[in-house]
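Note sheet for the following structure.
Every heavy atom of this structure was used, including side-chain atoms; hydrogens, water molecules and symmetry mates were not. By convention here, the first residue in the shown sequence is residue 1.
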Amino acid sequence: MSNAQIPSAQPGSAAVEPPELELDVVIEVPRGSFLKRGSIGRIDFVSPFPCPFNYGSVPNYLGLEGDLLDALVLGPRLPVGTRIRVKAWGAVTQTDRGMVDDKLVCCTHPPTAAQKAFVLRFFGFYAKCKGLLNLLRGRPGRNGCDGWCSAAQAMARARPRQQSWKGSAVKY
């Protein structure tokens, strides 16, 4: 799948795609923030550019990299720690150091084709920046934005979080 591929959406189309699922997301990085927090609340790094959407995680699921499943919430800025029940309309498949790191895309309404394209462009740029940072840190592995997938596909790769989970074993 190419980085530019998104689900087909005809401008002005009356068809509305149903949300694939509804879930709880906890906001770790409010829209416009420069501070990247990890899923356990610790500041991972200060970004040179602000996050263009609310970014957080699904507290009951782990992604393939062993950290909480990532989710972004389109819409107005939400404070750190906000827990919101929201619809997932799809996901971006990201690769970080060779590990799949899905990001659910959530909002109260179906995202427009322009919003989907923006999310994909952002994660394409982010993957390049993260690849450079990983190279400087001596952390090998491929980095890239691998395109859009369904929320169901991302959830099928996730696994339920166990009570014993204490945070990701992977250093970021």
**Report entry** Spacing of C106 atom SG and K87 atom NZ [to the nearest 0.5 Å]
**Finding:** 11.5 Å

**Report entry** Main-chain N/O of V105 paired with W89 side-chain donor or acceptor, under 3.5 Å
**Finding:** no

Report task. Sequence neighbours left out, what passes side chain to side chain donor-acceptor pair (under 3.5 Å) with S33? Give chain and number order. Result -> none

Query raised in the report: Within a strict 4.5 Å, meaning less than it, do heavy atoms of the P79 and I27 side chains meet?
Result: no

Query raised in the report: Just how far is it from atom CG of N134 to atom CZ of R142, taken to the nearest 0.5 Å?
Result: 12.5 Å

Query raised in the report: When rounded to the nearest 0.5 angstrom, what distance separates CZ in R161 from CG in D67?
Result: 11.0 Å

Report summary line: Nearest heavy-atom approach of P59 to L68 is O-CD2, 3.7 Å

Requested in this report: Would you please name every residue forming a salt bridge (charged side-chain N to carboxylate O under 4.0 Å, His left out) with R121, sequence neighbours left out?
Outcome: none

Requested in this report: List, by chain and then residue number, the residues other than V80 in its hydrophobic cluster (Ile/Leu/Val/Met/Phe/Trp/Tyr, side-chain heavy atoms under 4.5 Å); write none if there are no others.
Outcome: none

Query raised in the report: Sequence neighbours excluded, which residues qualify as side chain to side chain contact (heavy atoms under 4.5 Å, CB included) partners of R159?
Result: L62

Report task. Taking salt bridge (charged side-chain N to carboxylate O under 4.0 Å, His left out) as the test, write out the residues that go with R157, two or more places apart. Result -> D102

**Report entry** Test item: C51 and L72 side chains (from C-beta on) under 4.5 Å apart, heavy atoms
**Finding:** no

Report summary line: Taking every heavy atom of Q94 against every heavy atom of A127, the minimum-distance pair comes out as NE2-CB, 3.1 Å

Requested in this report: State which residues pass side chain to side chain contact (heavy atoms under 4.5 Å, CB included) with P50; sequence neighbours excluded, sorted by chain then number.
Outcome: F34

Report task. Evaluate the criterion side chain to side chain contact (heavy atoms under 4.5 Å, CB included) for residue pair L104 and V25; output intermediate values, then yes/no. Result -> CA-CA 10 Å; L104 294 172; V25 174; over 6 Å; no

Query raised in the report: With Y126, which residues qualify under side chain to side chain donor-acceptor pair (under 3.5 Å), at least two apart?
Result: none

Query raised in the report: Roughly how far apart are K130 NZ and D101 CG, rounded to 0.5 Å?
Result: 7.5 Å

Query - side chain to side chain donor-acceptor pair (under 3.5 Å) against N54, all qualifying residues, sequence neighbours excluded - result: none

Query raised in the report: Can you find a heavy atom in the side chain of Q115 that is under 4.5 Å from one in the side chain of H109?
Result: yes

Requested in this report: Output all residues satisfying ring-ring contact (aromatic ring centres under 6.0 Å, His included) with F125, sequence neighbours left out; order by chain, then residue number.
Outcome: F49

Report summary line: For A158, the side chain to side chain contact (heavy atoms under 4.5 Å, CB included) test, sequence neighbours excluded, returns Y61, L69

Query raised in the report: Is there side-chain contact between N143 and L135, with heavy atoms separated by less than 4.5 Å?
Result: no

Query - Non-hydrogen atoms of V92 and C145 that approach each other most closely - result: CG1-SG, 3.7 Å

Requested in this report: Sorted by first residue and then second, give each side-chain hydrogen bond (donor to acceptor under 3.5 Å, both in side chains) pair with at least one member in residues 68-78; sequence neighbours left out.
Outcome: Y55-D70, D70-K103

Query raised in the report: Do you know which two heavy atoms are closest between S57 and E28, and how far apart they sit?
Result: OG-OE2, 2.6 Å

Query raised in the report: Considering residues at least two apart in sequence or located in another chain, which fulfil the ring-ring contact (aromatic ring centres under 6.0 Å, His included) criterion with F53?
Result: F122, F123

Requested in this report: Using a 4.5 Å cut-off on heavy atoms from C-beta on, say whether the side chain of M155 contacts that of L21.
Outcome: yes

